[in-house]
Asks: 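Got a structure for you, questions after.
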Amino acid sequence: MASDLTRRTLLVAGAALALPARAQPSGKIPVGVIGAGNIGSTLGGLWVKAGHPVLFASRHPEELAGLVAGLGPLAKAGRVAEALAFGEAVLIAVPYKAYPEIGREHAAALKGKIVLDAGNATKARDGDLAAEAEAAGIGAVSAKYLPGARLVRAFNAANYRVFQKNAHREGARMAVPLAGDDPQAVAVAEGLVRDAGFDPVVVGPLDAARRFAMGSPGFGLDVTAPEARKAFGLSP
């Protein structure tokens, strides 16, 4: 009997070790960051400092050695598929023209995944996609090219330098507007916004991302949460 119990204990322990990373004892979830440029490295670094395991993804993960070494043992580097498998939530912070390719190549992994969509479409870089986003709304276009993902538009209403400067600032925190259709995904995004050092303000469903898209009156607001709610006409 004792031998059977020991065997079962070892089997359970081995199975646990084989499981992918999930929420840590502290409640911090693993996050995949697709794109380790200015916005990806800034936000991923803030999440690592807050205690989240983060996997930064690039086509050339070996080029991220310096970034992850500087952030410590919670930071890793890998490819897009690895980031999608690793993260309970994933930040997409790549040029918008890459969205269709990501959606095609990783359709199965994106299905049901909580995705924080930080991209903006610009005509000079993204061509026809920028015109499509302006006409249909960038939330709808992101959903079209990342089908099945539980999308939340987040961290796209300001330049990365603004996030670097204002994260965990003294006094009232800077507001970060969000938009999404999935309540659970929005709640996860709110937690990640807070852990990065900001106050989340949910503007509405995914289509409401129009209200803080690049070129809109809600873009580039360096304001507190109460000021943001007033600017967007939300209840206090």
Side-chain angles (χ1 to χ4, degrees), residues 33-35 37-40 42-44 46-47 89-99 114-126 129-146 149-169 172-236:
V33 174
I34 298 175
N38 293 327
I39 190 68
T42 295
L43 295 173
L46 291 169
W47 287 324
V90 173
L91 173 77
I92 294 187
V94 297
Y96 205 78
K97 62 185 179 182
Y99 278 42
I114 296 172
V115 173
L116 278 63
D117 171 14
N120 286 310
T122 65
K123 185 176 181 180
R125 183 191 62 199
D126 305 307
L129 280 177
E132 186 178 1
E134 185 175 355
I138 196 162
V141 174
S142 290
K144 172 183 173 181
Y145 291 110
L146 304 172
R150 299 161 68 188
L151 280 176
V152 183
R153 289 283 293 169
F155 291 112
N156 36 57
N159 183 276
Y160 78 96
R161 292 188 181 90
V162 176
F163 295 128
Q164 286 180 333
K165 175 184 175 182
N166 289 292
H168 299 287
R169 70 186 184 188
R173 289 183 167 194
M174 175 184 166
V176 169
L178 307 176
D181 293 335
D182 185 305
Q184 184 183 8
V186 169
V188 170
E190 287 181 281
L192 288 171
V193 168
R194 292 188 187 97
D195 283 352
F198 306 95
D199 273 346
V201 173
V202 180
V203 177
L206 193 59
D207 188 60
R210 296 171 183 264
R211 303 188 63 194
F212 53 91
M214 185 177 287
S216 73
F219 183 84
L221 299 180
D222 182 357
V223 295
T224 65
E227 291 167 339
R229 283 191 282 270
K230 183 177 180 180
F232 289 113
L234 306 172
S235 57

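Along the sequence shown, residues carry numbers from 1. Everything numeric here is computed off the predicted structure, so don't read it as measured data.
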Asks: Does Y99 reach the main-chain N or O of G119 with its side chain, forming a donor-acceptor pair under 3.5 Å?
Replies: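 Flag set: sc Y99 to bb G119 pair under 3.5 Å.
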Asks: Rounded at 0.5 Å granularity, tell me how far OH in Y96 sits from CG in D126.
Replies: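 Nearest 0.5 Å value for the OH-CG distance: 8.5 Å.
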Asks: Between atom CD1 of I92 and atom CD1 of I34, what is the distance when rounded to the nearest 0.5 Å?
Replies: 4.5 Å
Asks: In this structure, are over 12 heavy atoms from other groups packed under 6.0 Å from Q164 atom CD?
Replies: yes
Asks: Taking the side chain as every heavy atom from C-beta outward, state whether K165 and M174 have any atom pair closer than 4.5 Å.
Replies: no
Asks: Can you check whether F198 and F163 have ring centres sitting under 6.0 Å from each other?
Replies: yes
Asks: State which residue, out of L206, N156, L151, fulfils the side-chain contact (heavy atoms from CB on, under 4.5 Å) condition with S142.
Replies: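 When L206, N156, L151 are each tested with S142, the side-chain contact (heavy atoms from CB on, under 4.5 Å) holds only for L151.
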Asks: Using atom types as modelled, flag every donor-acceptor pair under 3.5 Å from a side chain in residues 223-233 to any protein atom, sequence neighbours excluded.
Replies:
{"unit_1": "T224", "atom_1": "OG1", "unit_2": "E227", "atom_2": "N", "d": "3.4"}
{"unit_1": "T224", "atom_1": "OG1", "unit_2": "E227", "atom_2": "OE1", "d": "3.2"}
{"unit_1": "E227", "atom_1": "OE1", "unit_2": "T224", "atom_2": "N", "d": "2.8"}

Asks: Roughly how far, to the nearest 0.5 Å, is the CZ atom of R210 from the CD atom of E134?
Replies: 10.0 Å
Asks: Please evaluate residues N120 and R153 with respect to the criterion side-chain contact (heavy atoms from CB on, under 4.5 Å), reporting the C-alpha separation (whole Å), side-chain torsions for both, the decisive distance (0.1 Å), and the verdict.
Replies: CA-CA 10 Å; N120 286 310; R153 289 283 293 169; 3.4 Å; yes
Asks: Measuring from atom CG of N166 to atom CG of D222, what distance do you get when rounded to the nearest 0.5 angstrom?
Replies: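 With rounding to 0.5 Å, CG (N166) is 4.5 Å from CG (D222).
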Asks: Could you tell me the separation between the CG atom of D207 and the CD1 atom of I138, rounded to the nearest 0.5 Å?
Replies: 12.0 Å
Asks: To the nearest 0.5 Å, how far apart are CG in N38 and CG in L43?
Replies: 10.5 Å
